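In this chain, numbering begins with 1 at the start of the sequence shown. Computed from a predicted structure; not experimentally measured. When a ligand or atom number is given, it counts from 1 through the structure's own listing order.
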Amino acid sequence: MSVEDVALAGQEPMPAPLGPESFEPFPLSPPIREALAARGYAKPMPVQTAVMAPALAGRDLVVQAQTGSGKTAAFGVPILEKLVTGAAKPGFPHALVLAPTRELALQVAEELRALGQKKGIKVVAIYGGVPLGRQVSGLKGAPEVVVGTPGRLLDHLRRGTLGFAEIKTVVLDEADEMLSMGFWEEVTEIMSMTPQSRQTMLFSATLPYEVMQVASQYLREPERIDVSGQALTVDGIENCVYHVLSEVPKPRQLLYVLETERPTSTIVFCNTRNEAEMIGKFLSQSGFVAEALTGSFRQRERERIMQRIKTGELKYMVATDVVARGIDIADLSHVVNYSLPEFSEVYLHRVGRTGRIGKSGMAISLVDGKGLGTMTTLERQFNVRFVERTLPPEAEVLRFTTMVFRGDAM
Ligand code: AMP
């Protein structure tokens, strides 16, 4: 029997049920209902409808869902509903969420804080790259929920500032991402230190072998829910490509495209750190409000830049995939691929940053020889329809971008 068979004996993934038109039918207490309303969540998203009942019933779950599908509230609401305010002792949270990146940990913590606020639930985020001190005092404040990245959680555990003895629920968020970022040993170490009586919910966009192996080892007869098909699509997104001219420097062509398309806010995705840093510099030297953000940046710097793009102060964030993964920025008008990624799924994740929840968005890609393969796969396997736009002749691009450099075209 395969690992998957062992883990999910005989179970087909549950299709997402048709959801109710409001949160009304769910057995939720007034403070949680009020928080949902205050957050502007009128209607449950499919993953929330699918997860609510089994999660409230304390079942273990394996949920295939993408970033942006509403999965934080899907696990957050049942957890917050069941928690008892003020029952946690300092350093001994009752719920633990593991996340692959600092940004995601922060984002999940913010969402849970907002949803648990009216109930008086305390949420602390624990991640590396910042001094331990503030996190230690946060833990001393007896939060009911801790959201963290695996490495830093273990640091606190070893120092005795955090304990897992009282954990009732564990969530593995973006499990496949924690695996591919090399956190798997830490994840399993943490799992084995939490009480066996816990409820475990695993969320992942894909279910590779190692993830299923952990599911079979640490989850008890998990219910399997699959809403992945609904989120990883390009519905509502216009996909455009510009074929790169070989005789003009590519950064200049990007400048031309940005000036022509005029996004109000965008992430420009690059495939490497060097490329992102170079393009970030190039754009700001050309007079754009642009900043690069890559994995090599210090935590404080990352947070500052994320804050700037979230508030709309920063128009162009030039980033690599690691940083942008899982980040929710409302109202991103465009996603630009300076280079197409090697894997088509990465494209779908990138463009999922725009056109979120009923809004329309635009994905623009500069395509050269290397990107053609990805483009073909996207067309064939994912039915992405690309609108092809052409750059003007070399001389026109150069004349135009020189004007931008001088500020004449701004
Ligand atoms: P997530 O997948 O948890 O990152 O959520 C993606 C986005 O959906 C976030 O901006 C949430 O604030 C938003 N969201 C979550 N649930 C709902 C809902 N029921 N109605 C509207 N927006 C929601």
Side-chain angles (χ1 to χ4, degrees), residues 16-26 28 32-53 55 61 63-81 95 97-117 123 125 145 147 171-177 201-206 225-233 235-237 265 267 306-307 309-312 323-333 335 348-361:
L18 274 182
E21 285 304 305
S22 77
F23 283 93
E24 181 62 35
F26 299 122
L28 299 172
I32 300 293
R33 288 189 190 282
E34 281 167 36
L36 284 166
R39 202 118 178 83
Y41 298 174
K43 185 180 168 191
M45 293 168 81
V47 67
Q48 294 161 2
T49 301
V51 165
M52 189 75 75
L61 301 176
V63 185
Q64 225 176 324
Q66 313 292 342
T67 307
S69 57
K71 63 187 164 62
T72 316
F75 61 74
V77 167
I79 288 179
L80 294 163
E81 179 61 42
V97 182
L98 301 188
T101 64
R102 304 150 186 192
E103 283 77 14
L104 189 65
L106 268 173
Q107 188 175 296
V108 168
E110 270 168 33
E111 172 92 341
L112 298 185
R113 213 169 273 143
L115 292 170
Q117 195 202 12
V123 182
V145 185
V147 183
V171 176
L172 303 181
D173 197 8
E174 309 224 341
D176 54 352
E177 200 56 19
M201 295 187 260
L202 183 154
F203 286 75
S204 201
T206 57
I225 293 168
D226 186 358
V227 290
S228 58
Q230 301 181 4
L232 204 62
T233 79
D235 285 355
I237 297 169
S265 61
I267 300 182
M306 285 308 304
Q307 198 52 30
I309 186 99
K310 281 189 176 183
T311 56
V323 196
R325 162 106 199 184
I327 295 306
D328 179 49
I329 301 164
D331 297 326
L332 211 51
S333 72
V335 162
L348 299 175
H349 279 296
R350 286 181 179 182
V351 307
R353 317 285 94 219
T354 183
R356 316 206 75 182
I357 319 168
K359 292 183 182 141
S360 59

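- For S22, the side chain to side chain donor-acceptor pair (under 3.5 Å) test picks out no residue, with sequence neighbours left out.
- Between V77 and M52 the shortest side-chain heavy-atom distance falls below 4.5 Å.
- Only the side chain of F23 comes within 4.0 Å of ligand 1, counting heavy atoms alone; its backbone N, CA, C and O stay farther away.
- Of all atoms in ligand 1, listed by their number and element, those nearer than 4.0 Å to a heavy atom of T72 are 1 (P), 3 (O), 4 (O).
- Residues satisfying the side chain to side chain donor-acceptor pair (under 3.5 Å) test with Q117, not counting sequence neighbours, are none.
- Closest heavy-atom approach to atom 4 (O) of ligand 1 within the set E110, Q107, E111: this belongs to Q107.
- Side-chain contact check for V97 versus L112: some heavy-atom pair is nearer than 4.5 Å.
- When heavy-atom distances to ligand 1 are checked against a 4.0 Å cut-off, K43 comes that close only through its backbone atoms N, CA, C and O.
- Taking 4.5 Å as the limit, some side-chain heavy atom of K310 sits within range of a side-chain heavy atom of Q107.
- Checking S22, G40, G70 against atom 2 (O) of ligand 1, the nearest heavy atom belongs to G70.
- Residue-to-ligand polar distances keep R39 apart from ligand 1: every N/O pair is separated by 3.5 Å or more.
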